Amino acid sequence: MPLCQWHYRDSSSANPLFSTEDAIEANRFMKGIEAAAGVSIGGIDLAKFISQQIEDLGAEVCYHKFLPHSKHFHPLKFFTSMTNDMAIQPNGTDTNFGINTIGIIRAPRGDGKEAIVLVTPYNSRRVDSNELLSLALGFSVFSLLSRAAWLSKDIVWLAADSQFGEYAAVSAWLNQYHNPVFLSHSMILDTKIYDGNAEKAEFFTFKRAGTMSAALIVKVGETRRYGDRDSVTMYAEASNGQMPNLDLLNVVHYLAVHRQGFRVNIAAFSSLLSSAWLRVIAEFFHNLGTVLRKINPDWKLDIAVPDYVEGTANLANSIYNQALGVPTGSHGAFRDYQVDAVSLEFSPTFNVRNENAKSLLLLRGGRLIEGVVRSVNNLLEKFHQSFFLYFLTAPSKFISVGVYMIPFALLLAPLPIVAAALADGNKSMEKLPENLIDNGKASVNADVLQNKGGSWKWLQAAKVLLVIQLWAVCVSLLPYYITQIPDFTPMQSAVIWAMLSIIILIALYVMFGSPYPAGVEWKLLKATMITSISIGLGLMSIINFATAQLGALIVIPMCLFSRPLKAGSGMHSLPRAVLLISNITLAVLGFPPAALLIMKGLSKGSWTVDVGDFWVWMEFLWQWSSATYLYLFLVHLPCWLLCIHVLLHPCRQELKLKQE
């Protein structure tokens, strides 16, 4: 963290301006908005109250109307913005809409070219006490910053209406912020809010600040029933494995722990935290590290067992969330526009009705946010000198891209070597019958002699690959048509999806021919499979490294160990049994629904099987335009099917050669 040290040291050396008076103001705001929420219809009264408070501070205010985005599958959704379907309808008469309220403070020492964004989401349809506390915390910090003379960047406070989801509200606003839409009906909703008062119409045109330097999403979560102090949980994962600059997380962690006394957490797999086998492994490595440290005191490898278990659970969760490709919060919407953002969820250890403890949380939380804003405000340029690619093992510990690229490279390294060896071995087999004839062995099967196709046999293997890739594309597009059928349960949709996939595969083989009658040798099929997965994993590592890493752990052993089940007929019983069991096990684990079961078991601790869960999971991926969906069907599934072809290969040529 080369750049962030002076950031947080500068901000922590300054005396915080957030005081008990600001906490009292937050409590007063909370009571006022609670009263407004009791009489609010469709969230309009809440928006009016928030905007009035912002206007009283002397800040600029505006509204943003948005609609829920469509959840229907569309093939081009993976290559377009998620917010294209959130635009306001031309007639402006929709009743199912959300209203974001935006306040803007113009920096007294700035030129309006940069801005810092604070976001506090709330559900306007049903506001709970934690969301009221979040709004109060956001307003109190915004009120303080409206009086700050040291600001060099504009401050934008977004009170995001999350009735359709936090991400939808923030993403719709960001889309309008960066891609302006000019419509003649833009005043319809705004005049309704103030009962047709056209004098305030200038407050309701969409307003913008400068280029966003960073963003903080502030929420107050559920009360923790354990622990001796309040905690802050950081959420950083954005879409397709994107992460904010590590300096931003370091600033938050330092100020939260060393200045405000919060316990900082990151999300972890709860099933791994309570895992007995993981604890046994941790104890083994701890004892091994203790022995090694006695040999050399500089080898600090004796990690405590709780730290090892917690670090492993954190690392697994970080890899899983990045590989899934789905944001863990509304901060992911900012990363789509290359803005560093992090979500902070405060978890108090008290009941929110406890006034004294609530005021203390507001005071410490407000000072933390103020410190982060000060740090970002002091930046002369965007965060760029620290890491953007990393896995978190703890709030202050990480694994950088320079470390985790090594095992991925080691996994990929054998693939081209094995493919070349298979091709060379196949050429040797083609020359074998001629050698037998030269040595006087006259009885050679005519089919073997006719199989001297040379390099042209690669075209047959490539044809099989192209047919399977075409099938995979068709399978990936089938949900577009299945979702057009109304009133289908997830299980029914999954069953229809599977049946249509099998029918399409059979039809393609009838049209273009199956690999077995064409005489494609299994070594060429395997070499083609390895070449295909090498290219697929290489491309996926550019889009989402975590997905490529997890995919490589599954498909590479499946590729390397795949061998026709009939090829081991001449082996002893024990090696043949081991080969059979390993091939079948890897083929089962490589099947995408089986991978879903493993992920579900690790993340939720549930190992139950439901066919409809796979449809729900795929629907979840395409709704978020996750590139993992494309990887599963265009890279992983073709590789698995080629592996099945290799396992079931009849091996006629080898059997005939053995007979000769």
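The structure presented is a predicted model; accordingly, all values stated were derived computationally and were not measured.
Geometrically, R374 engages W150 in a cation-pi contact defined by less than 6.0 Å to the ring centre and at most 45° from the axis. Remark: R259 is not positioned above the aromatic ring of Y254, lacking an NZ or CZ atom under 6.0 angstrom from the ring centre and at most 45 degrees off the axis.
Y167 approaches D336 most closely through the heavy-atom pair OH-OD2, 2.8 Å.
When the options F408, Y390, F388 are evaluated for a ring pair (Phe, Tyr, Trp, His ring centres under 6.0 Å) with F545, the one that passes is F408.
Between H253 and H258, the ring planes lie perpendicular to each other; the angle is over 60°, past the 30° to 60° tilted range.
Residues S152 and N377 have side chains that bring a donor and an acceptor to within less than 3.5 angstrom of each other. Using modelled atom types, one finds a donor on one side chain and an acceptor on the other under 3.5 Å when comparing Y63 with S51. Under 3.5 Å, the side chains of S359 and N27 contain a donor-acceptor pair of N or O atoms. Donor-acceptor pairing under 3.5 Å is lacking for the side chains of T393 and N314.
Residue T628 holds its OG1 atom at 8.0 Å from CH2 of W617, rounded to the nearest 0.5 Å.
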> Could you walk me through whether D111 and K153 pass the salt bridge (Lys or Arg N to Asp or Glu O under 4.0 Å) check?
Replying inline: CA-CA 8 Å; D111 54 5; K153 292 180 173 63; over 6 Å; no

> Should E355 and K358 be marked as a salt bridge (Lys or Arg N to Asp or Glu O under 4.0 Å) after you check the CA-CA gap, both sets of side-chain angles, and the distance that decides it?
Replying inline: CA-CA 5 Å; E355 295 296 331; K358 181 171 63 177; 3.3 Å; yes

